[in-house]
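Given the structure is predicted, the values throughout are model-derived calculations rather than measurements. Whatever order the structure lists them in is the order used to number ligands and atoms, beginning at 1.
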Amino acid sequence: MNSAVDLSFPPGLYIVATPIGNLGDITLRAVEILRGVAAVACEDTRVTGKLLHHLGIKQRLIRYDDHAGEETRDYLLRLAMEQPLALVSDAGTPLISDPGYRLVRAARKQGIAVTSAPGPSAAIVALTLSGLPSDRFLFAGFLPAKDKARGDALAELASVPATLVFYETAPRLLDSLAAIAAKLPGREVAVARELTKRFEECRSGAPEALTEHYAAHPPKGEIVLVVAPPGRETAAQFDVDALLRAELAAAKPSQAAAAVARLTGGDRKALYARALELK
Ligand code: SAM
């Protein structure tokens, strides 16, 4: 047993959020837990090692990433049954597009105490900065990398009456903005970049305007995309014929009309009639 263990922490799994860029965002409770547990399960021991070094904490680190098998999970569960075990990810809140879901589920099933020390998460930071409605939002993680799957994912979300939040990477930003322009036309988008860091930026506008900007100024760093809910588009921003033609390239008139109705909120029968004319 680690002699540095603070006995005031009972056995169990402690989910601990860590900063997403600004080290000042670590919470007092996170520091106490990271100091007091018997071990810290983390995605990358070098990344977490650096954070703990900055905090002046020496800890036993156990790697637990997306590739961890059942053996590692069982080991962590046995440990958490008898001692306090922290779970962190490289940055932000564990489980939010990061490992941990299976571990938490298994811990709860086995009756192991699970608690969460909340802190930063890029999705929430971006939502609060975006100026878009925050009363109802849907966090959709990363969009698929392949064009067809990305388009399908966006089409599925088009009619959700909520602000949409996506994690993104710099090399894929332009492709995602193009897909948003096609599948969620007329919706305002905020590109939230390098949050809590020195070059933090939150730029809003139509996806076409953002595409123009980022084509001229290739983005660096980490990115969250926030998309306005449906119903705030201006009718003038829709080119219904262009949308129908694009859908008709791969779908029957009835399917094309349904897809465009979903996107624009337009009348499905009228769109079907127009799709037949265009076919
Ligand atoms: N669990 C983390 C959280 O709670 O924010 C997210 C981990 S996920 C693997 C990494 C993604 O989060 C990045 O690709 C980016 O989309 C987003 N992200 C993390 N830190 C960020 C930052 N400082 N600024 C903007 N986006 C960030």
Subject >> Nearest protein heavy atom with distance in Å, relative to atom 10 (C) of ligand 1 >> reply: Phe142 CZ, 4.0 Å
Subject >> Residue Lys197 vicinity, atoms of ligand 1 by number, heavy atom under 4.0 Å >> reply: 23 (N)
Subject >> Polar proximity ligand 1 side, Ser121 side, N/O cut 3.5 Å exclusive >> reply: yes
Original post:
Should Ile62 and Val114 be regarded as members of a common hydrophobic cluster, given that ILVMFWY residues are connected when their side-chain heavy atoms come within less than 4.5 Å of each other, either directly or indirectly?
Top reply: yes
**OP:** For Ala91, counting its heavy atoms only, list the atoms of ligand 1 lying under 4.0 Å from any of them.
**Re:** 1 (N), 2 (C)
Subject >> Ser97 neighbourhood, listing ligand 1 atoms whose heavy-atom distance to it stays under 4.0 Å >> reply: 7 (C), 8 (S), 9 (C)
**OP:** Give the minimum heavy-atom separation between Ala38 and Arg60, together with the two atoms involved.
**Re:** O-CB, 4.0 Å
Original post:
Relative to the heavy atoms of Gly92, which atoms of ligand 1 are at a distance of less than 4.0 Å?
Top reply: 3 (C), 4 (O)
**OP:** For ligand 1, indicate whether the residue Pro94 contacts it via side chain, backbone, both or neither (heavy-atom separation under 4.0 Å).
**Re:** neither
Original post:
What about Pro120: any of its N or O atoms under 3.5 Å from an N or O on ligand 1?
Top reply: no
**OP:** Answer yes or no: does an N/O atom from Glu222 fall short of 3.5 Å to an N/O atom of ligand 1?
**Re:** yes
**OP:** Answer whether the closest heavy-atom distance between the side chains of Tyr64 and Arg73 falls below 4.5 Å.
**Re:** yes
Subject >> ligand 1 N/O within reach of Gly21 N/O, cut-off under 3.5 Å >> reply: no
Original post:
What about Ala192: any of its N or O atoms under 3.5 Å from an N or O on ligand 1?
Top reply: no
Subject >> Linked, directly or transitively: Leu51 and Leu87 (ILVMFWY side chains, under 4.5 Å) >> reply: no
**OP:** Consider every N or O of Thr93 and every N or O of ligand 1, then say whether any pair is closer than 3.5 Å.
**Re:** yes
Subject >> Closest to atom 27 (C) of ligand 1 among Ala122, Gly100, Pro19 (heavy-atom distance) >> reply: Ala122
Original post:
What is the minimum heavy-atom distance between Ser204 and Leu210, and which atoms define it?
Top reply: C-CD2, 4.1 Å
**OP:** Answer side chain, backbone, both or neither: which part of Thr196 comes under 4.0 Å from ligand 1, heavy atoms only.
**Re:** neither
Subject >> Expected output: side-chain Thr196 to main-chain Asn22 donor-acceptor under 3.5 Å >> reply: yes
Original post:
After noting the C-alpha distance and the side-chain angles of Glu277 and Arg274, does the key distance pass the salt bridge (Lys or Arg N to Asp or Glu O under 4.0 Å) rule?
Top reply: CA-CA 5 Å; Glu277 285 171 18; Arg274 183 69 187 141; 2.7 Å; yes
Original post:
With the threshold set at 4.0 Å, does a side-chain nitrogen-carboxylate oxygen contact exist between Asp152 and Lys148?
Top reply: yes
Original post:
What about Ile180 and Ile223, same hydrophobic cluster or not, with Ile/Leu/Val/Met/Phe/Trp/Tyr joined at side-chain heavy-atom distances under 4.5 Å?
Top reply: yes
**OP:** Pick one of side chain, backbone, both or neither for how Asp98 approaches ligand 1, counting any non-hydrogen atom pair under 4.0 Å.
**Re:** side chain
Original post:
Given Leu225, Val224, Leu129, Ile223, which one has a non-hydrogen atom that is nearest to atom 15 (C) of ligand 1?
Top reply: Ile223
Subject >> Heavy-atom pair with the smallest gap, counting every atom of Ala106 and Leu77 >> reply: CB-CD1, 3.6 Å
Original post:
Going by heavy atoms, is Phe166 under 4.0 Å from ligand 1?
Top reply: no
Original post:
What's the shortest heavy-atom distance between Ser130 and Ala190, and which atoms?
Top reply: CB-CB, 3.8 Å
Original post:
Out of Ile96, Asn22, Leu195, who gets a non-hydrogen atom closest to atom 24 (N) of ligand 1?
Top reply: Leu195
Original post:
Taking distance alone, with no angle check, do Thr169 and ligand 1 share an N/O pair under 3.5 Å?
Top reply: no
Original post:
Nearest to atom 14 (O) of ligand 1 by heavy atom, Glu200, Glu168, Glu201: which?
Top reply: Glu168
Original post:
Hey, what do you get for CG (Leu164) to CG (Leu127), rounding to the nearest 0.5 Å?
Top reply: 11.0 Å
